[in-house]
There are 2 protein chains.
Amino acid sequence: MLSGLAHAELIAVLVAVTDDEPRVMTVRAGNALPSGPFESRHRSLQSGLRAWIESQTGHPVGYLEQLYTFADRGRDPKVGDDIRHISIGYLGLVHEQPAPGAGRPEWHGWYEYFPWEDHRERRPDMLDEIVARLTAWAKGDPLRRQRIDYVFGCNGMAWNEDLTLQRHELMYEAGLAESAARPAKALFGRTMAGDHRRILATGIARLRAKIKYHPVVFEVMPESFTLLQLQRTVEALSGLRLHKSNFRRQIDQQELVEETGAVSAATGGRPAKLFRYRPAILEAQALSGTRLPVSRH
Amino acid sequence: MLSGLAHAELIAVLVAVTDDEPRVMTVRAGNALPSGPFESRHRSLQSGLRAWIESQTGHPVGYLEQLYTFADRGRDPKVGDDIRHISIGYLGLVHEQPAPGAGRPEWHGWYEYFPWEDHRERRPDMLDEIVARLTAWAKGDPLRRQRIDYVFGCNGMAWNEDLTLQRHELMYEAGLAESAARPAKALFGRTMAGDHRRILATGIARLRAKIKYHPVVFEVMPESFTLLQLQRTVEALSGLRLHKSNFRRQIDQQELVEETGAVSAATGGRPAKLFRYRPAILEAQALSGTRLPVSRH
DNA sequence: CTCCTTGTACTCAACTTGAGCATATAGGGA
DNA sequence: TCCCTATATGCTCAAGTTGAGTACAAGGAG
C-alpha cells in the first residue's frame, strides 16, 4: 500500500468570449476538458499548466487561477487498483479568438452544457421543468424546498447568477444530471466525461463571482473595445442583462479604462468611442464592493 | 520516471477564537501546522480531513473549506528523489475551546506569526520598520513602490485587512521572511517549518474576506453570545476595530441571530441580551454585499 | 446616591444605487 | 433633402445604504 501516493493531473477550464458567447476549450469533440499529467519537470503547477496551454492554443493566457482540487478513487493498472486520483483544476482566461473553432482546439459555448444558466434573453423555460422535477424529488422536505428556492430563485427569491455550482450539485443529487451509472445521460444540458461538467460549473461560478470585484473581464477582451462590447461580454459571462447607463457609470467611476481616441463605426448607429484597459492603478480601486448593475425588466 | 505520480498530503489551518484572540492549531511546539498523508482509505479529501481533525482535537469541525493546493519538489527516498510533493490546504473553524492550550493540541495566537496584522489597538509600530525595509528593497522601482503602497496601505491608501497573503509574499520576496536558505530566521514575526506560515497567511486572508459576505463567524462562536462578544470576535479575526452601533445594525438587518431570552450579567455594566445563530434562512440574506463597518478613529 | 460601565435606540448628513429621460451622431430610405 | 431608426452618451432624481454621533437605559461599586 503506497500510503500518500497519488496520480496528479492538471485540468483546465479555459474561457474565451467570441460573438458575445462565452466559450470553453474542450477536447474529444466537446466531451472533455483538456487535461494532462502533472510532470515532475514542471517548475510549479502554474507554470506547467501555462506552458502546456500556450502550446495547445497558440494564445497567451492572460489570467490563470487555481480553482479546486478534486479527488477520486481512480484505477491505474500500472501501480495498483486503489491509488488515488487527484485533479487540480485551473481557470484560465484567453483573449478573443480570431477564428473560433478553427484548428485543433475546439471551443464550445458554455451554455451548451448549462442552458438554464443563460438569462440574457429571458429566464429559460427549461427552469420550470427543472424546478418541477426537483420539487418532486424534495417530497416536501422543507430544508430541500428552501435550498431549491434559494439556489434556483423560486418563491420570491431572486436568481443569483453565482450559484452555478450549487445548482449543478443539487441537480446531480436529484438525479437530473449524469451519474456514475449513466455517464452520458443527463436530462438537461450536454454532459461531459467524468466530473468535467462539474469542474466547468466550478469555473463558471468562480468567474461570475470574481467579475464583480476584480477587473478580470479585460482578460478576455481585445486590445480596444467599445463600452457596449464590454457590457455584452460581462453579460455573456454572467448570463444576465445589465442596465446600460449604470454599467457605464460603474466603469468610469472605477477608472479602469481610458479612451484610445479612435471610434468604431461598426455598430450601426452613432459611432462609439474605443477604450483600452488601464492596468496602471491595477487593483487599487478594484476591490471596492462592486455589484453588477442588474437590469430588472 | 513515474510521470504524474506524487505524494499527496493534507494540511489544515484550524482556527478558533478564545478570549478575543484568534488561535490556530499547531504541532511541534507551534512550529508547524498539523498535516498528514492523504490515505486511500479516505472516502474524499473533505471527509478524510474531518475525521482526522476530530480525532485530534476532540471538537467537531463546524466549517471546512479547501484553501489551496501547493506543489513543491519534494524528496522521498522510498520512491526516488524527484517525486512531486503536493499539499492540499484546508481551512477549518471550530467552536470556542473551553481550555485553550490544554491537552495535546497546541493553540497559538495567529498574531504571534503575523504581529503586523493586528490593528485593533493601533497600527503596529513594526509596520514603519517593515515599510522602510521594503522601500529600500524597491530601490525606486515605481511598480514595486505602488505595490508596497497598495498592500501595506501607505501614501494615502487605506489599510486593507484582506491582503495578509500579499503582504507576506511581498515580504518574502524582499527577504524579510524566512527563506529556504535560512528557514528559521525571519526579521518579523515567528516562523514555521517549510511553507506553513505562508499557508497560514492564505487561511487568514481567506477567512477575513469570507467573513464579510458569509456568516462564518458563527462557526467559531459558542451556542449563545452577546452582540459585543460577536463584535469582538469579528474584530479579532479581521484585526480591526469596528463601529459599535453600525455593527449592530448590520447584524440585525441580516436577521442572522435571534434572542435567546436570557441575559448575560458577566459584562460589568448593564446586562446584555444573549443571542443565538439562526441558520434557518441560512445563506439567503447573507450574500448581499456586506462590508465591514470599520471605525475610523 | 452617584458615578462608572456597558447595552440599546435613534438621528442625520453624505454617499451609492436603481431607474428613466434627454440629447448626440451616424446610416438608410422615402 | 429630410425624416426615421439605431446606437451612444450625458444627466437627473428618488430611494436605499453607510458613516458617525447622540441620547437614554440598567446594572454594579464605592
(message) Just to be sure I understand the rule, does B/Leu227 reach a base, reach only the sugar-phosphate, or reach nothing, if contact means heavy atoms closer than 4.0 Å?
(response) nothing
(message) What is the separation between atom CG on B/Leu240 and atom P on D/dG19, rounded to the nearest whole Å?
(response) 13 Å
For nucleotides 9-12 of chain C, print each protein N/O atom paired with a nucleotide N/O atom at under 3.5 Å, atom names and distance only.
none

(message) Checking the side chain of B/His119 only, and the main-chain atoms of B/Gly239 only, is there a donor and an acceptor separated by less than 3.5 Å?
(response) no
(request) Nearest whole angstrom, please: distance from the C1' of D/dA29 to the CZ of B/Arg270. (result) 19 Å
(request) Could you check how far CZ of B/Arg241 sits from C1' of D/dA20, rounded to whole Å? (result) 17 Å
(request) For the pair A/Arg248 (side chain) and A/Leu227 (backbone), establish whether a donor and an acceptor sit closer than 3.5 Å, ignoring hydrogens and angles. (result) no
(request) Starting from C1' on D/dT18, measure out to NZ on B/Lys212 and report it in whole angstrom. (result) 15 Å
(request) Would you kindly give the CG-to-C1' distance between B/Leu274 and C/dT8, to the nearest whole Å? (result) 15 Å
(message) Under a 3.5 Å distance rule, please check whether B/Arg23 uses its side chain to pair with a backbone N or O of B/His108 as donor and acceptor.
(response) no
(request) Decide whether a cation-pi geometry holds between A/Arg167 and A/Trp159; the criteria are a distance under 6.0 Å from NZ or CZ to the six-membered ring centre and an angle within 45° of the ring axis. (result) yes
(message) Can you tell me how the ring of A/Phe218 sits relative to the ring of A/Tyr277, calling it parallel under 30°, perpendicular over 60° and tilted otherwise?
(response) parallel
(request) Just compare C/dA26, D/dG21, D/dA8 and give me whichever is closest to any side-chain atom of B/His243. (result) D/dG21
(message) Side chain of B/Lys244, heavy atoms from C-beta onward: which of D/dT9, C/dT25, C/dT6 has the nearest atom to it?
(response) C/dT6
(request) Figure out the CD/C1' separation between A/Gln250 and C/dG18, and round it to whole Å. (result) 12 Å
(message) Rounded to whole Å, how long is the line connecting atom CZ of A/Phe275 with atom C1' of D/dA8?
(response) 10 Å
(message) For a quick check under 3.5 Å, do B/Gln254 and B/Gln250 share a side-chain donor-acceptor pair by atom type?
(response) no
(request) Identify which nucleotide among C/dA26, C/dG7, D/dA8 has an atom closest to any side-chain atom of A/Pro271, counting heavy atoms from C-beta outward. (result) C/dA26
(message) Distance check needed: D/dA8 C1' versus A/Arg232 CZ, whole Å only.
(response) 12 Å
(request) Taking atom types as modelled, find out whether A/Thr164 and A/Glu117 have a side-chain donor-acceptor pair closer than 3.5 angstrom. (result) yes
